Amino acid sequence: MEDDAPEFMEIHEIVIQKLGHVPIVKGDFHMLPKKVQKFLAKWVYTCKPRALYICDGSHAEAEEVTHKLIERGVLTKLKKYENCYLCRTDPADVARVESKTWIATDDKYETVPHVRQGVRGILGQWKHTKEMEEEVNSDLDGCMAGRTMYVIPFSMGPIGGPLSKIGVQLTDSNYVLLCMRIMTRVSADIWEVLGDNDFVRCVHSMGCPRPVQRKVVNHWPCNPDKIMIGHFPARREIVSFGSGYGGNSLLGKKCFALRIASVIARDEGWLAEHMLIMGLTNEKTGEEKFVCAAFPSACGKTNLAMIQPTIPGYKVRVVGDDIAWLRFDDKGVLRAINPENGFLGVLPGTNMKTNPNAMLSFQNISIFTNVAETADGGVFWEGMEDEIDKNIAITNWLGQPWKIGMPGNAAHPNSRFTCPASQCPIIHPKWEDPKGVPVSALIFGGRRPTGVPLVFESYSWQHGVMVGACVKSESTAAAEHTGKKIMHDPMAMRPFMGYNFGKYLQHWLDMEKPDRNMPKSFHVNWFRVDEHGKFLWPGFGDNVRVLDWVLRRCAGDESIAVKSPIGYLPKKGSIDLTGLGDIKWDELFSLPKHYWLDDMRESKLFLEDQVGTDFPQVIWETHAQEKRIEEQL
Ligand code: GTP
Ligand code: SPV
Ligand code: MN
């Protein structure tokens, strides 16, 4: 391990001597586990902060940091709620930046597949370890000058749980610290629990040392031109520079719990996935089933995880809204934990009709980033028009006066709330169960305006892997893509892959074993539109009607499905549409032959181009989906 290399031992000694000149404003360096001291020493030496602040996760710490942020103008207290704050970022730093995200390994093909010659790969970006290190060393050299380095010990998953993992994040942003406290479990207990375990090394800097070189906008020092999010899976290290937004800076989330964790999962035989986890209890029988669903960013995970059912019979409870760590137990049951501690959810479109449970989750201890503010100390975004006083003055996310009906947006389309998961009124009592919950079904989906039915079921586990590999979706504001183009997002993991996607698909296939209880898998699409561009399906709480069909299939009901060339479709009338008025079933479930032939050929070409010789051919061979469509549709 690199930390043990002699030069770092020397640096460690030097820094320990030098630490006398770096005041430790909180905590005791000498009380930290040796391996953490070494990690810290290396980065103090590189980043040259003004002071060190070792966090303990206490309430007093939150108060102190919040107070500082208010004083500096980064946070505005929202007087309509308890302990809620508004934050406006530099408008140049508003979303994840996929084009600046890299995985560094010595062997290129450990990270990216062997693409077809002449093709530009889009399933992950690789850099040689040495090249990435040079870039890191040059960008981070002195990057915290004049700033405090916060040391954040955190756990992904319940502290000390058998499926949980520990991380330590260094950051020069106390906004990031506040958000990490909500999104992960920050505690001084981590130092004890760490013991002989390894930890994920997370280094984050806004990239704006003092004296600043670039004009600071909204008290949000950042360096958008030089954003870099680098991962070193071999030594479980993440280095993020230049951005303070969401997944770019809260390193426990996408960087750790998906990219690095997918590599750990490959090595240890489990799965780290971009999936929600929810429980549905049948109120008649009392039986509860859990499902996980993988949709690309801004495609409905948070909303589905928290739905308020519109048909009687189910009690829904949320375990997680974004990431699932999945592992088969010794009885062959797939179990899932939510490694996160909070929700970082999209705000536009969220209201008391579409997602009351989210609305009720952020009435306390929450941070709203890049939304509009109302004159009474409340918040506003697109979709909340019916929930605010019509005459109230509004200030948009850019700080300008704004009125409903004006062109442009009041809130940034990727504006988000950050709140503790425990505040959700339907949080599952077992959401922190260290063993996880048993999973009956896996669901894939995306925004597919045409051709793709509301729901279909895969023939088998292996076919489900193929359906997952073919996931596509309209691009959204969650990353830097502009316009609404349909993009491939296999397994909803394109931006979050930690290693070669072909090997990842093989790892999924290898999960299937005779003594395991393989969950059924499905594909859903809430976003099909009619010829006028209107959604054919009401979505949101009504999605429970689809889940009801899914669960009846899981219970073995053969009478409600018909075999089609793409998978099992619901038999006409087998989804409960009571009270919905006019639903155009035939349009919602039609499989246009030309669409599907084109789609299959295009998907096959995409995977052959992008995954090349790493693609597990067995999927095509066994499933001959194109042939079936040609002959049977
Ligand atoms: P990330 O946090 O980026 O991973 O997003 P997510 O997958 O959790 O998506 P989220 O639930 O936040 O929804 C994103 C957007 O889609 C919001 O504007 C929602 O209002 C909208 N949305 C969610 N579910 C539905 C649905 O069933 N139908 C329609 N029409 N829109 C939906
Ligand atoms: C996503 O894009 O899937 C998110 C937001 O959940 S972020 O954490 O910024 O990646
Ligand atoms: Mn997400």
Side-chain angles (χ1 to χ4, degrees), residues 96-105 107-128 229 231 233 254 258-259 262-263 265-266 271-274 294-297 299 444-448 451-452 458 462-476 478-481 483 485-510 523 566 595-626 629:
R96 273 189 297 104
V97 188
E98 292 176 10
S99 60
K100 308 281 183 69
T101 301
W102 285 279
I103 310 284
T105 46
D107 173 12
K108 175 173 179 181
Y109 299 107
E110 194 191 333
T111 297
V112 291
H114 290 80
V115 297
R116 203 202 291 268
Q117 214 178 359
V119 167
R120 192 183 68 85
I122 64 157
L123 299 174
Q125 298 200 99
W126 173 78
K127 258 194 216 284
H128 193 281
I229 295 130
H231 304 70
K254 308 295 172 162
L258 288 176
R259 297 191 193 100
S262 69
V263 176
R266 174 198 66 190
L271 298 166
E273 300 299 328
H274 194 197
F295 310 152
S297 299
C299 290
F444 299 102
R447 289 176 180 262
R448 300 293 293 271
V452 179
S458 312
Q462 197 188 62
H463 184 234
V465 175
M466 188 196 96
V467 169
C470 292
V471 164
K472 294 188 202 179
S473 190
E474 224 169 37
S475 52
T476 67
E480 73 268 41
H481 313 290
K485 45 182 183 296
I486 306 283
M487 295 169 69
H488 282 275
D489 195 341
M491 311 301 261
M493 281 288 279
R494 190 202 61 240
F496 310 118
M497 276 309 305
Y499 65 99
N500 183 318
F501 186 72
K503 302 276 191 282
Y504 162 93
L505 287 179
Q506 187 60 51
H507 184 60
W508 263 80
L509 294 175
D510 294 344
H523 186 284
I566 68 161
Y595 179 89
W596 273 95
L597 262 186
D598 285 353
D599 188 74
M600 267 329 289
R601 286 176 184 154
E602 194 278 328
S603 293
K604 195 159 174 244
L605 185 66
F606 168 82
L607 290 166
E608 282 166 2
D609 276 356
Q610 289 288 331
V611 196
T613 49
D614 294 311
F615 189 79
Q617 280 301 326
V618 60
I619 301 185
W620 295 137
E621 283 152 19
T622 338
H623 293 293
Q625 183 135 322
E626 187 183 328
I629 293 169

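All of these numbers come straight from a predicted model, not from anything done at the bench. Just so you know, residue 1 is the first one in the sequence shown, and it goes up from there.
The backbone N or O of His114 lies less than 3.5 Å from no partner atom in the side chain of Thr613, so there is not a single donor-acceptor pair. Under the 3.5 Å distance criterion, the side-chain polar atoms of His128 are left unmatched by any main-chain donor or acceptor of Ala104. Between the side chain of Gln125 and the backbone N or O of Ser99, at least one donor-acceptor pair lies under 3.5 Å. Under a 3.5 Å cut-off, the side chain of Glu110 and the backbone N or O of Thr105 do not form any donor-acceptor pair. Looking at Ser475, its side chain does come within 3.5 Å of a backbone N or O of Gly483 through a donor-acceptor pair. For the pair Asn500 (side chain) and Tyr109 (backbone), a donor-acceptor distance under 3.5 Å is present. In this structure, the side chain of Gln610 engages the main chain of Ile122 through a donor-acceptor pair within 3.5 Å. Although no hydrogens or angles enter the test, the distance criterion places no donor-acceptor pair under 3.5 Å between the side chain of Arg447 and the main chain of Ile486.
Scanning all heavy atoms of the two residues, the minimum distance from Val97 to Ile229 falls at O-CD1, 4.4 Å. In plain terms, the two heavy atoms of Gly445 and Val471 that are nearest each other are O-CG1, 3.7 Å. Residues Ala492 and Pro296 approach most closely at CB-N, 3.5 Å, considering heavy atoms. Summarising the geometry of Lys472 relative to Ser603, their closest heavy-atom pair is CE-OG, 3.6 Å, with the distance given to 0.1 Å. Listed here is the closest heavy atom pair of Ala265 and Ala272: CB-N, 4.0 Å. Shown here for Gly124 and Val112, the closest heavy-atom pair between the two residues is O-CG1, 3.4 Å.
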Assess the residue pair Val115 and Arg120 against the criterion (side-chain contact (heavy atoms from CB on, under 4.5 Å)); give the C-alpha distance rounded to whole Å, side-chain angles, the decisive distance to 0.1 Å, and a yes or no.
CA-CA 7 Å; Val115 297; Arg120 192 183 68 85; over 6 Å; no

Could you please spell out the steps behind the side-chain contact (heavy atoms from CB on, under 4.5 Å) verdict for Trp508 and Leu271?
CA-CA 8 Å; Trp508 263 80; Leu271 298 166; 3.6 Å; yes

Intermediate values then yes/no, side-chain contact (heavy atoms from CB on, under 4.5 Å), Ile103 and Tyr499
CA-CA 8 Å; Ile103 310 284; Tyr499 65 99; over 6 Å; no

Apply side-chain contact (heavy atoms from CB on, under 4.5 Å) to residues Met466 and Trp620 and explain how you reach the verdict.
CA-CA 8 Å; Met466 188 196 96; Trp620 295 137; 3.8 Å; yes

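Between Arg266 and Lys503, every side-chain heavy-atom pair lies at or beyond the 4.5 Å cut-off. You'll find the side chain of Val263 stays beyond 4.5 Å of the side chain of Arg259, heavy atoms only. You'll find the side chain of Pro495 stays beyond 4.5 Å of the side chain of Thr101, heavy atoms only. No side-chain heavy atom of Glu602 sits under 4.5 Å from any side-chain heavy atom of Asp598. Residues Arg494 and Glu98 meet the side-chain proximity criterion, which asks for heavy atoms closer than 4.5 Å. Residues Ile566 and His523 are not in side-chain contact: their nearest non-hydrogen atoms beyond the backbone lie 4.5 Å or more apart. Between Asp489 and Phe295 the shortest side-chain heavy-atom distance does not fall below 4.5 Å. In this structure the side chain of Trp596 reaches within 4.5 angstrom of the side chain of Val452, judged on heavy atoms.
Inspection of the Ser297 and Arg96 side chains reveals an N or O donor paired with an N or O acceptor under 3.5 Å.
The environment of NZ in Lys108 is sparse: at most 12 heavy-atom neighbours from other residues, nucleotides or ligands sit within 6.0 Å. Few gaps surround CD on Gln617; more than 12 heavy atoms of other groups in view lie less than 6.0 Å from it.
Note: His274 and Phe496 have perpendicular aromatic rings, judged against thresholds of 30 and 60 degrees for the angle between ring planes.
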